[in-house]
Number of protein chains: 2
Amino acid sequence: MYDVFQQYLNNKITLTDEEAFQIRQCALFKKIRKRQYLLQEGDVWRYDAFIARGCIRSYSIDENGVEHVIGFGIENWWIGDRESLLSGQPSRFNIDAVEDSEVILFTHTKFEELCASIPVFGHMINQILQRSFIASQNRIQAALSNTAEEKYLAFIEKYSAFVNRLPLSMIASYLGITPETLSRIRKTVGRK
Amino acid sequence: MYDVFQQYLNNKITLTDEEAFQIRQCALFKKIRKRQYLLQEGDVWRYDAFIARGCIRSYSIDENGVEHVIGFGIENWWIGDRESLLSGQPSRFNIDAVEDSEVILFTHTKFEELCASIPVFGHMINQILQRSFIASQNRIQAALSNTAEEKYLAFIEKYSAFVNRLPLSMIASYLGITPETLSRIRKTVGRK
DNA sequence: TTATACGTTTGATCTATGTCAAGTTTTTTT
DNA sequence: AAAAAAACTTGACATAGATCAAACGTATAA
């Protein structure tokens, strides 16, 4: 399972054997079954986590018990709750597996040591963070400017790798619309 | 005008005189009048920018000519378009002044050198980036979960420093509602 | 100081999307 | 393979918020 991550690193940066070894030493492995939690609301999130296999979502639950999907991740994506990580406060989010998944965890303190001692690694992580920020800015813009149908079309355009792995209800939640509305949109738009 | 930034730095980190000097050497100063652009759609954004005085917004314009406010900034905030900065591509956003403002600019290449050569500074910047990311995640969650009224109440709660400096129409745009709707919400909710 | 433009309020409608409910299909469990 | 549980679809109806239009205030500029 580590080889997925090793491959990911190789594609992005060049490491000495020693550095690669150092990183590997910090990795913790975790398999989670479909619907199993990686993080539950109220717990503190202390990791940097890489998805080696599977599909995972993070979401909040509002006062009416309705789930709101904040994000999805598949192979080669990072997930977690940076707010809880940074603040040390209990998380307001849940993270669970949409499919049986494999995750590589790094405890955050060790991870920061790695970032500091292997600058090229730290730099890579920083880039990822910046991209996540940009992506969420774009999502905000899309949410503000677009109709339900436009948001859906943009979603399948951008996340084509996800579409067939996610139940309709989760996509609807991610887009901020009801499952019924998404079902009707799909009928008119075609399944693509 | 630099003293605002110096003060900001002092509150966050400790620098040697030499380091403080190095940073100052890279600063460019810019005054912009109300409604003047700092960035126009189509231009490439190449700076890291700190607001020393005033109030600034960034927004996009959709195909119908409607503006969508992505974010606001006041004294001690950073602004810019990280997507254009990182990609080198023309920006899809506009940034202009809501009030007469003063901005400190650092060309991004110099800024990165500073981050690398003064680790405590780089670390501070990184923290800010992380917080921005967290803030935008939270904004997404709010946009998904809340009604127009709840979004407005959360806004005045969180951005009380802004509320009286921004025209209603810009706040409405930021929240993704029409000015008419916000006007009606204010009527029922009271001006607070 | 007056004129002009810009922003806000208010009212009357309209519409995209939500809600509720019942059926159908698919997936999971036994 | 059958039963039970999720997930999805479809229809009828409800509503939050949008749109259009006109009047009213309040800054900006001549």
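Quick note on labels: first sequence line is chain A, next is B, and so on, each numbered from 1. As a basis for the values below, the full set of heavy atoms in this structure was taken, side chains included, without hydrogen atoms, waters or symmetry mates.
- Because its NZ or CZ atom is both nearer than 6.0 Å to the ring centre of Tyr174(B) and within 45° of the ring axis, Arg139(B) counts as a cation-pi partner of that residue.
- The CD1-C1' distance, from Ile177(B) to dT19(D), rounds to 15 Å in whole Å.
- A sub-4.0 Å separation between OP1 or OP2 of dG7(C) and a side-chain N or O of Ser169(B) is absent.
- Checked against the 6.0 Å centroid criterion, the rings of Phe106(A) and Phe5(A) qualify as a close aromatic pair.
- Between the C1' atom of dA16(D) and the NZ atom of Lys187(B) lies a distance of 16 Å, rounded to the nearest Å.
- The distance between atom CG of Leu182(B) and atom C1' of dG7(C), rounded to the nearest whole Å, is 12 Å.
- For Glu180(A) against dC20(C), a side-chain N or O and a base N or O form a donor-acceptor pair under 3.5 Å.
- The side-chain tip of Arg165(A) does not point at the ring of Phe162(A) from less than 6.0 angstrom away and within 45° of straight on.
- As a whole-Å value, the separation of Ile171(A) CD1 from dT9(D) P is 11 Å.
- The interatomic distance linking Lys34(B) (NZ) with dT26(D) (P) rounds to 15 Å, in whole Å.
- Whole-Å rounding puts the Arg186(A) CZ to dT10(D) P distance at 12 Å.
- One finds a salt bridge joining Glu83(B) and Arg92(B) here, because a Lys/Arg side-chain nitrogen approaches an Asp/Glu carboxylate oxygen to under 4.0 Å.
- Taking atom CE on Met170(B) and atom P on dG7(C), their separation rounds to 7 Å, with Å as the unit.
- For Arg35(A) against dT29(C), a side-chain-to-base donor-acceptor contact under 3.5 Å is absent.
- Among the heavy atoms of the strands lying under 4.0 Å from Pro167(B) are primed sugar atoms or P, OP1, OP2 only; no base atom is included.
- Thr178(B) comes within contact range of at least one nucleobase, with a heavy-atom separation under 4.0 Å.
- Between Ser183(A) and dT10(D) there is no side-chain N or O to OP1 or OP2 distance below 4.0 Å.
- Cation-pi check for Arg82(B) over Phe133(A) is not met; the charged atom does not lie both under 6.0 angstrom from the ring centroid and within 45 degrees of its normal.
- Nearest-nucleotide positions on DNA chain C place Leu168(B) closer to the 5' end than the other of Arg184(B) and Leu168(B).
- Rounded to whole Å, atom P of dA18(D) lies 14 Å from atom CD of Glu149(B).
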